[in-house]
Protein chains: 2
Amino acid sequence: MSKKYVYLFSEGNAKQKNLLGGKGANLAEMTNLGMPVPQGFTVTTEACIQYYTDGERISPAIEAEIFEYLAKIEKINGKSFGDPANPFLVSVRSGARASMPGMMDTILNLGLNDVTVEGLARKTGNPRFAYDSYRRFIQMYSDVVMEQDKARFEKILTEAKAKKNIRDDKDLSADDLREIIVTFKKLYKEHVKADFPQDPKVQLLGAIKAVFRSWNNPRAITYRRLNDIPGDWGTAVNVQAMVFGNMGDTSGTGVAFTRNPATGEKALFGEYLMNAQGEDVVAGIRTPMKISELEKQNPALYKQFTEIADKLEKHYRDMQDMEFTIEGGKLYMLQTRNGKRTAQAALKIAVDLVGEGMIDEKEAVLKVEPKQLDALLHPQFDPKALKTAKPAAKGLPASPGAAAGIICFTAERAVELHEQKKKVVLVRQETSPEDIEGMNVAQGILTARGGMTSHAAVVARGMGTCCVAGCSDIHVDDEAGKLVLNGKPYKEGDPISLDGSTGNVYLELIPTVEAGTGGDYGTLMAWADKYRKLKVRTNADTPKDAAQAVKFGAEGIGLTRTEHMFFEADRIPAVREMIVSKNEAERRAALAKLLPMQRKDFIGIYEAMGERPVTIRFLDPPLHEFLPHTDEDIAALAKEMKLSFGELKATVESLHEFNPMMGHRGCRLAVSYPEIAEMQTQAVIEAALEVNKKKGYNIVPEIMIPLVCELKELNFVRDIVARTADAIIAKSGAPMKYMVGTMIEMPRACVVADKLAKTAEFFSFGTNDLTQMAFGFSRDDAGKFLADYYAKKIFESDPFARVDQEGVGELMKMAVEKGKSTRPDIKLGICGEHGGDPSTVEFCHNIGLNYVSCSPFRVPIARLAAAQANLKNPR
Amino acid sequence: MSKKYVYLFSEGNAKQKNLLGGKGANLAEMTNLGMPVPQGFTVTTEACIQYYTDGERISPAIEAEIFEYLAKIEKINGKSFGDPANPFLVSVRSGARASMPGMMDTILNLGLNDVTVEGLARKTGNPRFAYDSYRRFIQMYSDVVMEQDKARFEKILTEAKAKKNIRDDKDLSADDLREIIVTFKKLYKEHVKADFPQDPKVQLLGAIKAVFRSWNNPRAITYRRLNDIPGDWGTAVNVQAMVFGNMGDTSGTGVAFTRNPATGEKALFGEYLMNAQGEDVVAGIRTPMKISELEKQNPALYKQFTEIADKLEKHYRDMQDMEFTIEGGKLYMLQTRNGKRTAQAALKIAVDLVGEGMIDEKEAVLKVEPKQLDALLHPQFDPKALKTAKPAAKGLPASPGAAAGIICFTAERAVELHEQKKKVVLVRQETSPEDIEGMNVAQGILTARGGMTSHAAVVARGMGTCCVAGCSDIHVDDEAGKLVLNGKPYKEGDPISLDGSTGNVYLELIPTVEAGTGGDYGTLMAWADKYRKLKVRTNADTPKDAAQAVKFGAEGIGLTRTEHMFFEADRIPAVREMIVSKNEAERRAALAKLLPMQRKDFIGIYEAMGERPVTIRFLDPPLHEFLPHTDEDIAALAKEMKLSFGELKATVESLHEFNPMMGHRGCRLAVSYPEIAEMQTQAVIEAALEVNKKKGYNIVPEIMIPLVCELKELNFVRDIVARTADAIIAKSGAPMKYMVGTMIEMPRACVVADKLAKTAEFFSFGTNDLTQMAFGFSRDDAGKFLADYYAKKIFESDPFARVDQEGVGELMKMAVEKGKSTRPDIKLGICGEHGGDPSTVEFCHNIGLNYVSCSPFRVPIARLAAAQANLKNPR
């Protein structure tokens, strides 16, 4: 046999997580450290992969190896499988490389059968305990291994209790349980068409297979997708001698952390229960004791445990999350791992460990999960108030944070109520660009329709506003001004609270608290900034967003979407006037009205950013987005604009597009209507000159042309920009530099990037569109089938959340290489939604971009992710 | 000076077309052959490119060189610019690499001014001729060089004639013309704000610049786009001594071909006029004489001319198109070039030249323009009848051929009338997939809306049916059952004829003749087949199309679109039933109804194709295409399907897509509904087994999965296919091979082609979608802005007609290389609309594809283009 598929705990170590899984590797490590671990073996992740390669079967060779190791641990533990006098019982537990708590299956008490159960009863002198263990095993085995309906077994249990008129399982006597076992086995035979297996080896193989299989159960697949865990890793299986915390008053079980996982405070933190099994601690039937109580109850054992805990933390150089069992006064360690922790705790622990000399700054930076910072930066519900609150509905957690206020159904009302100093939550069937002002003043946004990348979700994340999207339980009736939930209507002014991190909707007011970004945050982020190479910019369309982003450490703006300004109430009439213009002269007249407003916008942004670089993208969306589409709305607007209905309707129809995503937008608008680009250039340049003059700054505006896929197209627009800008600058008498660059968001742009770089002074990857075009599916439509793609394991992560490195990433790499081949110092960035995703930030670092740009609230995440990327792969 | 920008005719030769342009190179060649050519010089195409590089100015160095050569030709011709006694006059003509007849500008009689005009009058003894020449020169110069409105000059001429009460220019006397010249010069001064230039050198530079400029006039840009001529070639300028055919009865001018350009017959063919200038031959004021008349009129000169013609044809080894002038009894050759010819003539000449031993088969194959074959393969109007017919309207020539029949407004009526043996022309506002059966039986299709790539155009070309699309002059009112043209209504049964090659619409019946594919066609195509490496397949969805394509030489089917069958009247109810199914069981029930029909379709196609390979693509369009969209239609269908309106409406709404091109289609359908792929596999395999059994064939079905962009996605569908197919084949007891391959139509598929090739046994490039996704614009929407892109010289050709080699082509190359790296013998083809475009065929040959697949009527074009590709670049 060339490959070893099974390891004794004593043969492995903590470094072998990929092979043994996290749990297995740590059990091995603890064994090697001489800690009291019930001995067993680990079947490797490679065996799991082989199981799938072999068509979901365990090969004879691996089977033989498992039994070889079973014999070894029988010897170590001094017990034998099926021995009536001293039966060997094991637990069979999953353990993947990354912790996936609760996602896969576990089987306890394996080895029990009609004979060994009697042995266990005799040996423990506790027949009730023995029968209860066997009953549980049959139930667990039937469910997990044989995939039988759990409810049938529960029903028998319930009936037995009803017959005896008792309520609690623990009031069932040994005899009751013996009878139940008989019924369970009958039920098993009826459905499985075979007797309940009496051979522990058969039980063992069944259990191992079941754990392998559970790697691909739907909840595990979903968990992996949400946590970026590849589907081809597989899980290891740990087979370990059972120890029982429920064998009497000198037995017990517990979990403990070396530091407080909520606050990070340095003190042993945990709970335990005497005469109990693991699940009882969690189940909440009995109230567990604080771990500090153990000191009083059993000082020697407590001392032993604290010494182990201390040793483990020092050994792993991180806060540990441990499980232990006391069997007959003897301590056993069942698990240790780096403990999950809140963002606040993560920061405190990382900073404290540096202070304690246990780790250095770099290790500290690597210890904090960037995504966790999100929770720190948004307001949160008061944890106490939250405990008593009851969610009324649940939607998608589209943008984190907590919001509480009164219900409001239109953007206009939101603005009005906001002016009356009311806190409002905007509730819409779905949002559209026209709602932008209402969204901006709202505490939170709730939509009945739309996914994680719907308009509401994207805009809310951009604003850092809490949003729950796609809450399909509610129905919003705009006209009647109500939302209906479970048949009950709620109207404007009714209280509502949203939790953007869980998707929970409450129909009451829950008080919120501003999350503090205390000293530890500042310390850690300063270290992160020290160790990163990638700059972090922000996507911001308003001075308010820009200022927020600077507060979060943004070093510039990577994307200002000028069209967001076009949607505002005071501009949209001029925009519409421009659209219905019959010729260039009329268009220029309308644009002249927009000019002072755009210029003012840019002045505000420049002032908010100081001298930091600002990239302004020219008008991008198709023009029909600025017009209404229903006959009613068209009629109303026609009246307002003093046009005939037919005239405006004809314009709307002429602008209709079959695939708006692939229509007349981006630089194609500037090609058709150069005067739009002229006006925008004028606004950008005049604003910069004015701020330079007023503040003594030395701004270098960066003008970005969207949707380019051909050099001649870029040159056409660049020529307009240069002609306009040069004339204004010359006239001003104040010399000023400016840059012209392009979005790289069409696949063809990647292919001809060497040519584009002849003109473009910078590239900014628009990975939203690049993803759409590379895959050929639109973000708005993909929701319908992506669920099938996840369920069928075709996609493991959402390509709109995390850059698809294999496809889209290859196109990006190509563009980087080609761009640099023409212009070695070309400035390279990314400004898609992906810019705030840590794995994408790492990828951008690795392919040599200069900066990432993301929404203001993601700036700290990107800073930390950039530092981690550079620590892992210095450049 | 490092570069030479000006060449005497005696310095060049025919090989220098790129540098001297076609006209210049041939004038040089004739000079070298000792033929009587008025001597002059050529300013090179490089000078034109330099002119644009220098910001549309002629550099001092090039100007100096022009004057240096001017001095040389003054000497050669024995005359001087501005010499009052013997003035040197020149013509200034454009001449690009490729002939672009009439697209650019010409200036004659240059060198005339107030002084030299008197010299010319004296020298010729013909003052009227001299003044008329000067008058014409002023007019031409003002128009071409100074861009003054021609109409103003024409008005003066008209007024002068009116004043004298004469109708014809030639009735104006020398004095009249002298007065007109004065008025012309006044008009010139008034608008140009300068005197008409008297210095011939100033005139010359102005004229040369004007010719350079005319390279980029709108009609030249359009012509280049339609004829695949790159915009960066530039034009040369030929400055040549004037000779006059209008100096009296011993002067004359004419054009002649060495063979008949209409039929190819070997006999001098042409016309001439004595005492006339070039334009008079064309203008039709006087009836020109046949060239054979010249023999009677001037046998010596005729002999000289025939000898020259013969020598030129032998020299160029091709039929020549020549222009000549006789000045005072002396013959001058002004131009020779390979003559344009009809398809029929092209074939006859090519075959004859081989017979005459002048060229070999390979040269013959290279001599025929593949696109020309199109005209040969469709029915044509009887040329005699066409002469008297008057077009009533004009649309886009969307699919060639001629159609005559009665008007009919709906697909259903077309089918009914067809069954009554009537010949119908289907007239629609625009067509939709539901019209397919009506389109299939129609002689021709006329639409009021839609472009060259509209549904009507694409489907008609596929069927080889004549189509005129986007005829915006007509308005079609389906409900009232009429079409309105110029306010006049036409109804069902009225006669109509369409010319799909010109876009002309006639409201009368014009008799048509089947175009013969005679012996020369057969001979040449046999040679083409001998010299090509690329296989040619066809896109065919019906046995009828398949049989037609085989007749045209198709070697297999590269694309059968199964969805086209789904739209037929007997299937669509089952398709709709499948779509509204609430679960898999209902869907399977509906699919079971479709199965026998699909199987029958495939049996028909296999039988039509003999044992030739057949590639069948699985269901591609989004499901909403099979459902109605208006409330009225939904209500009607709901009734028919015994559903509530609300239920069906909800289904239609749930299937709505923002960007249908990027929606739930292609293999994404098979991922969501594997049972569709199962049914299609069953139909494909069972049909092949049945035909194999019946005919003793050995068919190897090729199953093609559309829209793939990820290996796991392909594997998922491949597994369904394999599972289904293998079971059926095993059960049949008749072993049969089959292949599974993928479309390569998403940019990501190109990037991961090495991975896809692990599973895919063949790739077929879907260049329509690949073009859409690479550029990020949809074919349906791009029409709105592509016109701007052509006008602004950003695009030179339609990327949906001709593969964009720089972008899309690079992605294809990448996919070819990556695919072969994994599977060296992978079969590679193309099945997009581009497959019948000669330049694309050449590209496909060069990147190493195995076959192209195109609509049946393009098969001969592709065969010839493939042969030419291999002759140019053998592999």
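First the proteins, then the strands, lettered A, B, ... as listed; each starts at 1. Predicted, not measured: the structure shown is a model, and the values here were computed from it.
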Mind ranking [options] by heavy-atom pairs under 4.5 Å with chain B and telling me who comes out on top?
{"options": "A:Leu655, A:Leu811, A:Leu669, A:Val671", "result": "A:Val671"}
{"options": "A:Met814, A:Lys784, A:Glu810", "result": "A:Lys784"}
{"options": "A:Leu711, A:Asp781, A:Leu707", "result": "A:Asp781"}
{"options": "A:His664, A:Lys755, A:Lys792, A:Arg668", "result": "A:Arg668"}
{"options": "A:Ala774, A:Pro660, A:Pro622, A:Gly666", "result": "A:Ala774"}

Segment of [X] engaging chain A (4.5 angstrom heavy-atom cut-off):
{"X": "B:Phe716", "value": "side chain"}
{"X": "B:Glu745", "value": "neither"}
{"X": "B:Lys793", "value": "backbone"}
{"X": "B:Val752", "value": "side chain"}
{"X": "B:Asp804", "value": "side chain"}
{"X": "B:Glu713", "value": "both"}
{"X": "B:Pro799", "value": "neither"}

- Task: I would like to know whether A:Glu806 and B:Arg748 meet salt bridge (Lys or Arg N to Asp or Glu O under 4.0 Å); could you show each step before the answer?
- Result: CA-CA 9 Å; A:Glu806 187 186 342; B:Arg748 193 182 190 274; 3.8 Å; yes
- Could you have a look at B:Ser672, B:Cys709, B:Gly663 and say which one has the most heavy-atom pairs with chain A under 4.5 angstrom? B:Ser672
- Query: Distance-only, no hydrogens or angles: does the B:Thr742 side chain make a donor-acceptor pair with backbone N or O of B:Ala760 under 3.5 Å?
  - Reply: no
- Side chain of B:Asp798, backbone of B:Phe800: donor and acceptor closer than 3.5 Å? yes
- Between B:Pro747 and B:Met773, the two heavy atoms sitting closest are CD-CB, 3.3 Å
- Item | Donor-acceptor side-chain pairing of B:Ser821 and B:Asp754 below 3.5 angstrom | no
- Do A:Glu584 and A:Tyr673 have side-chain N/O donor and acceptor atoms under 3.5 Å apart? no
- Query: Within 45 degrees of the axis of the six-membered ring of A:Trp215 and under 6.0 Å from its centre: does A:Arg224 put its NZ or CZ there?
  - Reply: yes
- Portion of A:Glu657 that has a non-hydrogen atom of chain B nearer than 4.5 angstrom: both
- How about A:Phe775 and A:Phe795: are their ring centres within less than 6.0 Å of each other? yes
- Close side-chain approach of B:Ile847 to B:Glu817, heavy-atom, < 4.5 Å: no
